[in-house]
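One-based numbering, in listed order, for ligands and for the atoms of each. Note that this is a predicted model, so its numbers are computed, not measured. Positions are given from 1 along the sequence.
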Amino acid sequence: MASSDPTERPAAEPDSGAAAPSAPIHSNGDSGAAAPADPNPGAASPANPVTAAPDPSDLPEEEARARAEELAREIRRHDHLYHVEGRPEISDGEYDRLFRELRALEEAHPELVTPDSPTQRVGVDPVASLPTVEHVAPMLSLDSTQDAAEVRRFDERIRKALDGGESEYVLEPKLDGISIELVYKEGRLARAVTRGNGREGEGVTENVRTIRSVPLLLRTESRPAPELLAVRGEILMSISAFEAFNQSLMEEGSEPYANPRNATSGAVRQLDSAITARRPLQCLAYDILHVEGTAFRTDMEGIQALEEWGFALPERVELVANVEAVEAYHAGFDGDRDELDYEIDGIVIKLNDLDDRSDLGSTSHHPRWALAWKFEPRKEVTRVEGIAVQVGRTGVLTPVALLRPVEVGGVTVSRATLHNREELARKDVREGDRVRVQRAGDVIPQVVEVVTEGADAERGPPFQMPELCPNCDTPVVEDGPFSRCPNRFGCSAQLKGRIVHFGSRRALDIEGLGEETAALLVDREMVKGPADLFDLEADQVEALPGFAEVSARKLVEAIAARRRTELARFLHGLGIPEVGATVARDLAHHFRSLDAFLAADREVLEAIPGIGPRMSEVITEFVSEERTRAAIDELALRMEALTVPEEPGAGGPLEGQTWVFTGGMEEMTRTEAKRRVEALGAKATSSVSGKTDVLVAGEGAGSKLEKARELEVEVLDEAEFLERLRELEG
Ligand code: IVH
């Protein structure tokens with residue numbers, strides 16, 4: 001796997017080595033939004049780059065500050081050029097140099113780190129759960145139709161309500177991503193909240209901060225920042241980035257996502273923002289939910305302001321004067337749909353005049369001044385010739401309809417997913433059925449329904465999911481709507497991916513153990529479980545296609561070198577569901593030995609900060625499954641040592657304590673504050689729970705403070721915290 005250096009510019013999954021994103025989605029010349037004035041009059045031009053980089057620790061405080069500010073400004077400008085405007089001015093190498101210089105400066109002078117620094121997009125610990133947060137203004141949903149006549153009626157209704165006045169519409173693509181509220185206070189990104197039920201959603205600020213097309217600070221060159229701004233937008237993954245990401249998931253043995261939307265939702269709702277940061281997300285803004293300190297007369301003015309403030313906009317935003325133009329716009333997008341690198345499922349029609357909007361008002365669900373005109377999903381009818389069951393890399397059994405080939409929206413489809421046991425039972429799809437097949441943004445086509453008219457005589461019997469894994473004959477277990485083969489390390493469909501994961505960079509880091517080699521080893525039955533890796537002999541490996549004497553010896557040596565491994569890497573390498581590298585490290589530090597970990601029950605696991613009921617359930621289930629346990633025991637026999645390095649701060653006066661920081665502090669940044677308590681042995685997490693020992697509440701502390709009071713957690717204000725630090729640091 002490639003590095004996950006946060007400076008990596010394409011906001012693409014570094015693990016996949018994905019290339020730069022395709023042309024960013026961006027309003028173009030013929031959109032209704034006028035081009036902004038020179039967005040950056042005073043900034044350094046590319047011909048005159050920010051110059052010279054002396055040793056950061058030598059610089060006097062004032063110079064260091066000036067330089068850090070200059071670098072941050074310059075990096076922000078290049079982020080905007082690259083991620084919003086799609087016209088970078090410098091190479092990735094030059095960008096990296098600026099970024100590294102800023103990071104070095106901040107390391108040498110930690111007091112210079114500001115929350116809005118480009119280095120601080122990723123930087124907090126995983127949380128145990130996402131908080132519920134109320135929206136600044138309700139996030140209504142849109143009324144929608146697929147019917148052109150309905151669109152005409154919408155237009156008539158509006159014109160009538162406006163008393164025969166002109167109705168100008170803003171037209172936009174309807175983006176098929178995750179709706180998000182971005183709140184800016186005095187120009188600073190204060191929070192990001194998913195739509196949720198429209199009134200409140202999940203706080204995903206730390207995750208959204210990692211998306212480079214989301215400004216952390218509004219650009220103010222051509223328009224001052226308002227006191228308060230709530231922007232609505234959509235988070236998306238481009239189709240090309242999605243495909244590369246899915247590919248990388250499959251390579252590490254994980255199940256791919258069905259469509260970009262699901263992958264986006266998963267990424268946005270991560271508990272660990274470092275994971276979100278590695279997902280190739282972008283954010284497009286399309287609506288001002290609420291603004292204080294300035295006002296707009298029309299939607300177009302608001303869109304113009306969004307562009308000037310540095311947001312990326314959807315492409316082809318247009319202002320039109322009548323419903324005929326709406327129809328032309330819809331037809332144009334529908335025709336181009338297959339050529340776009342992102343999913344849209346229709347267009348959105350919005351009245352431009354904001355006073356007219358408030359006159360029209362909203363129902364409890366949706367505004368009367370907007371309508372989504374959806375495209376027909378691409379569907380065709382064909383016959384089911386059989387039903388097969390596939391075993392995925394996580395052991396999930398997926399029923400698949402084998403179809404008489406049919407063309408759906410330009411693609412020939414001969415297989416379609418029936419999703420899982422419950423879905424299959426609900427749709428009651430059987431061999432011989434005529435079914436409607438759909439490609440609705442999904443890579444994998446799906447069976448929508450059985451077309452019942454006629455055909456009954458040809459129906460086969462109801463389909464039953466097999467009781468044994470079709471790949472390894474292990475009895476299948478039911479896991480919610482899914483059926484799963486529990487033979488994680490023995491089932492060859494699962495084993496290949498697990499071997500690759502076991503040897504991956506953040507696990508045992510075995511050079512040369514890639515996808516192809518793992519597949520060969522499993523297919524030739526040279527490896528029937530991960531433990532067998534350690535028994536491989538060089539001459540056996542040499543016999544494999546693509547290997548020679550030296551490469552075979554190297555692989556065997558690389559494996560042998562891992563007989564001593566850090567316990568954290570080993571635990572990560574096991575591929576326990578939900579246990580990534582961070583949790584594995586926490587587990588290793590907590591238990592300090594494999595035996596202690598294996599002996600832990602749910603209660604013990606749940607007492608560990610960062611581990612909740614779901615994770616502890618999955619972990620205990622994993623290690624108690626008989627064949628899985630046998631594979632782990634076999635592995636353990638071959639390991640010489642599983643080590644646990646000392647953490648910085650181990651044995652310190654705060655060892656065993658969990659601290660949470662909230663609100664702003666005057667004297668130091670939260671990052672610095674966390675580093676200081678960690679150096680004293682504490683763990684710093686970001687959400688308050690029963691496991692929290694101390695909450696440090698700075699300026700503007702909110703829900704965390706309330707929760708801490710409720711749970712009777714010790715609360716310190718900044719002065720008390722600094723006092724405590726002085727005592728402890730001596
Ligand atoms: S405007 C009240 N514009 O579609 C109107 N929504 O069911 C505010 N969506 O969840 C929404 N593209 O997130 C608007 N260009 C666009 C959009 C858009 C996608 C989403 C929106 C909402 C869903 C509507």
Output yes when a side-chain donor or acceptor of Asn352 lies under 3.5 Å from a complementary backbone atom of Asp299, and no otherwise. yes

Could you tell me whether the side chains of Glu234 and Tyr342 share a donor-acceptor contact shorter than 3.5 Å? no

What are the atoms of ligand 1, with element, lying closer than 4.0 Å to any heavy atom of Glu234? 9 (N), 13 (O), 19 (C), 20 (C), 21 (C)

Using 30° and 60° as the class boundaries, would you call the ring planes of Tyr184 and Phe311 parallel, tilted or perpendicular? perpendicular

Min N/O separation Ser141 to ligand 1 under 3.5 Å: no

Do we get Arg316 above Phe333's six-membered ring, with its NZ or CZ under 6.0 Å from the centre and within 45° of the axis? yes

Return the set of residues passing salt bridge (Lys or Arg N to Asp or Glu O under 4.0 Å) with Lys374 (not counting sequence neighbours), or none when no residue passes. none

Looking only at distances, please establish whether an N/O atom of ligand 1 is found under 3.5 Å from an N/O atom of Ala370. no

Counting heavy atoms only, which part of Ser144 comes closer than 4.0 Å to ligand 1: side chain, backbone, both or neither? neither

Picking from Arg188, Arg76, Arg209, Arg73, what satisfies salt bridge (charged side-chain N to carboxylate O under 4.0 Å, His left out) with Asp116? Arg188

Tell me whether Trp369 has any N or O atom under 3.5 angstrom from an N or O of ligand 1. no

Backbone or side-chain N or O of Ser179 under 3.5 Å from ligand 1 N or O: yes

To which protein heavy atom is atom 13 (O) of ligand 1 closest, and what is the distance rounded to 0.1 Å? Tyr286 OH, 2.6 Å

May I ask you to identify, for His366, whether its side chain, its backbone, both or neither come under 4.0 Å of ligand 1 on a heavy-atom basis? neither

Anything under 30° is parallel, anything over 60° is perpendicular, the rest tilted; go ahead and classify Trp373 against His330. parallel

Is the shortest distance from a heavy atom of Gly177 to ligand 1 less than 4.0 Å? no

Does atom NZ (Lys427) have a neighbourhood of more than 12 heavy atoms from anything else shown, all under 6.0 Å? yes

Residue list, salt bridge (Lys or Arg N to Asp or Glu O under 4.0 Å) with Glu422, at least two apart or on another chain: none

So is there a nitrogen or oxygen of Lys174 less than 3.5 Å from a nitrogen or oxygen in ligand 1? yes

Closer than 4.0 Å to some heavy atom of Glu172 - which atoms of ligand 1 meet that? 3 (N), 15 (N), 16 (C)

Distance from atom 10 (O) of ligand 1 to nearest protein heavy atom, with residue and atom: Arg232 NH2, 3.3 Å

If only atom types and distance count, is the side chain of Tyr257 paired as donor or acceptor with the main-chain N or O of Phe242 below 3.5 Å? no

Under a 4.0 Å heavy-atom limit, does Leu142 contact ligand 1 with its side chain, its backbone, both, or neither? both

Of all the heavy atoms in Lys350, does at least one lie under 4.0 Å from an atom in ligand 1? yes

For ligand 1, which is the ligand I care about here, please tell me if Leu175 has any N or O atom under 3.5 Å from one of the ligand's N or O atoms. yes

Counting each atom of ligand 1 from 1 as listed, which ones have a heavy atom of Pro367 under 4.0 Å away? 2 (C)

